[in-house]
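What you see is a predicted model, and the numbers here were worked out from it, not measured in a lab.
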Amino acid sequence: MLRAADYVERTDTGRQRRGNEDSSFARPPVFVVADGMGGAQAGEVASQIAVETFEEGLPESGSPEERLVNRVQEANSRIYERSRTEHERAGMGTTLTAAYLDDAHVAIAHVGDSRAYLFRDGSLTRLTQDHSLVDELVRRGKLTEEQAAEHPQRSIITRALGPEPTVEVDTWNYGVRAGDILLLCSDGLTSMISEERIAHSIASADSLERAADQLIDEANAAGGRDNITVVLFRLEEVGADTRIEEPTMVGAPAPAPRSTGATTAPAVAPAPLTSQSTSESRAAARIPLARTQGRPVSPPAGPSKRRLRYAKPMAALLSTVIVLGVIAAAGYLASRQLYFIGTNSQGIVTIYRGFPYDLPAGVRLYETYYTSGVPAADVPSDRCSSLLNHDLRSQSDATSLVMTLELGQLSK
């Protein structure tokens with residue numbers, strides 16, 4: 001049996017943010033990191049709701065993965081309802097990565113682009129896959145790691161808690177052993193420093209506290225563009241020896257997630273999972289990592305050459321459909337978080353949610369969010385072009401501008 005012999009949680013606002021929208025929770029055997037999104041402190045509220053839901057404890061029944069999913073779905077419902085009842089919280093959401101230590105295994109539940117890592121024998125292995133546009137494209141071979149790091153849409157996530165009534169949750173169950181260190185972190189860390197630097201900081205520190213402080217210091221030294229949150233816990237064995245198994249995954253097998261090239265810690269890639277499907281779709285996947293230029297890959301399944309030759313056109317078509325689906329999903333989620341100001345058919349200043357485009361067949365990529373009481377004709381002429389130019393804004397920015405307009409305080 002294993003336990004968390006030592007653990008630490010650290011969070012920092014970073015160098016370019018005014019507030020901290022990250023939240024974390026560390027109470028063995030449960031550990032959580034959440035990274036909120038949405039203006040006017042809405043992101044802070046969303047991440048805190050997620051963490052508070054886990055503070056209430058996990059359900060008594062079900063597998064570790066099912067118990068984590070239950071809490072994630074409950075947190076999603078609370079955030080979604082809060083955003084519907086409080087106008088200033090509309091559109092808020094949060095990422096979430098949670099870990100539960102159970103005997104010789106750690107269960108992971110994951111939504112968004114916060115991450116979980118396993119540090120073993122000097123090597124770092126990523127245990128989660130980002131639900132982001134660029135990460136999906138990297139996995140499909142459409143972008144390189146270098147291109148993804150500089151991609152203008154790298155901050156667009158394709159899944160989060162809060163925007164919708166339900167959310168898909170990726171879960172895994174990994175075999176662990178004494179001496180392993182688990183890391184949960186927000187993207188404020190991983191967007192600033194490489195996985196190699198993360199591994200070096202953990203390996204060189206003489207304590208988890210020193211490692212956490214060093215990780216945050218390095219992220220800030222690299223620019224600190226976002227809030228930075230780190231949760232670390234080290235495992236030790238108590239009682240009788242336990243058998244270490246390869247990781248199992250809930251859901252259908254998929255390509256293995258990227259890591260810094262560790263070959264000692266097996267990993268599997270995530271598959272979408274809802275709480276209703278957890279017990280029905282459990283499938284074991286034992287995929288050893290192979291070293292290929294520092295990135296783990298799963299070995300080929302081994303179809304015959306004849307079957308492979310005829311499958312290539314269909315595989316290409318399927319890949320294209322998947323990529324288009326990913327882009328569509330990313331666009332939809334982004335449209336729930338972006339707003340613009342225009343006028344409706346009566347010439348009234350209106351806030352719209354989505355993108356300011358009309359597709360063929362009358363398909364609109366936007367919906368009315370708020371109709372003011374101000375005719376566009378009453379807007380000062382020197383401000384019309386900057387206010388009603390359909391620029392994409394945050395919910396808080398658009399609302400603030402229109403409220404100021406309604407109060408007659410817009411500068412002339």
For the backbone of [Y] and the side chain of [X], can you confirm whether one donor and one acceptor N or O come within less than 3.5 Å of each other?
X      : Y      : result
Asp213 : Arg210 : no
Tyr174 : Leu127 : yes
Asp12  : Ile216 : no
Asn344 : Ile348 : yes
His131 : Gly112 : yes
Asp103 : Leu2   : no
Asn227 : Thr13  : yes
Arg71  : Leu58  : no
Glu66  : Ser63  : yes
His105 : Val176 : no

Any chance you could lay out the ring pair (Phe, Tyr, Trp, His ring centres under 6.0 Å) test for Tyr366 and Tyr352, step after step, and finish with the verdict? CA-CA 6 Å; Tyr366 57 90; Tyr352 295 95; 5.4 Å; yes
Sequence neighbours left out, what pairs pass salt bridge (charged side-chain N to carboxylate O under 4.0 Å, His left out) with at least one residue falling in residues 22-37? none
List the steps, then state whether side chain to side chain contact (heavy atoms under 4.5 Å, CB included) holds for Asp187 with Ile157. CA-CA 11 Å; Asp187 71 323; Ile157 60 175; over 6 Å; no
Check [X] against [Y] and note the closest heavy-atom contact, atom names and distance.
X      : Y      : result
Glu209 : Asp6   : OE2-OD1, 3.9 Å
Trp172 : Gln129 : CH2-N, 4.3 Å
Ile49  : Ala75  : CG2-O, 4.3 Å
Ala109 : Val169 : CB-CG1, 4.0 Å
Gly93  : Pro163 : CA-CD, 4.4 Å
Ile228 : Gly188 : CG1-O, 3.7 Å

Rounded to the nearest 0.5 Å, how far apart are [atom1] of [X] and [atom2] of [Y]?
X      : Y      : atom1 : atom2 : value
Arg353 : Glu367 : CZ    : CD    : 4.5 Å
Gln214 : His200 : CD    : NE2   : 7.5 Å
Phe119 : Leu183 : CZ    : CG    : 10.5 Å
Leu118 : Asp180 : CG    : CG    : 4.5 Å
Thr128 : Asp170 : OG1   : CG    : 9.0 Å
Glu218 : Ile193 : CD    : CD1   : 5.0 Å

Please test Asp226 against Gln16 for side-chain hydrogen bond (donor to acceptor under 3.5 Å, both in side chains), starting from the C-alpha separation and ending with a verdict. CA-CA 7 Å; Asp226 200 353; Gln16 298 186 27; over 6 Å; no
Is any side-chain heavy atom of [X] closer than 4.5 Å to a side-chain heavy atom of [Y]?
X      : Y      : answer
Leu96  : Ser114 : no
Leu68  : Phe54  : yes
Thr95  : Leu161 : no
Ile202 : Leu232 : yes
Ile198 : Leu189 : yes
Arg15  : Arg225 : no
Arg234 : Leu208 : yes

Ion pair check, Arg177 and Asp121, cut-off under 4.0 Å: yes
Run the salt-bridge test on Arg78 and Glu56 with the 4.0 Å N-O cut-off and return the result as yes or no. yes
Is the distance between the ring centroids of Phe31 and Phe233 less than 6.0 Å? yes
Do you see a donor-acceptor pair shorter than 3.5 Å between the side chains of [X] and [Y]?
X      : Y      : result
Asn20  : Thr11  : yes
Glu74  : Thr53  : no
Thr94  : Ser47  : no
Thr97  : His110 : yes
Thr229 : Ser24  : no
Tyr117 : Arg115 : yes

Can you check side chain to side chain contact (heavy atoms under 4.5 Å, CB included) on Asn173 and Thr171, steps first, answer last? CA-CA 7 Å; Asn173 195 328; Thr171 66; over 6 Å; no
I would like to know whether Met92 and Ile79 meet side chain to side chain contact (heavy atoms under 4.5 Å, CB included); could you show each step before the answer? CA-CA 8 Å; Met92 70 177 177; Ile79 297 168; 4.0 Å; yes
Could you check Thr350 against Ile341 for side chain to side chain contact (heavy atoms under 4.5 Å, CB included), going step by step and ending with a plain yes or no? CA-CA 6 Å; Thr350 303; Ile341 302 172; over 6 Å; no
cation_pi(Arg393, Phe340) dist<6.0 Å, angle<=45: no
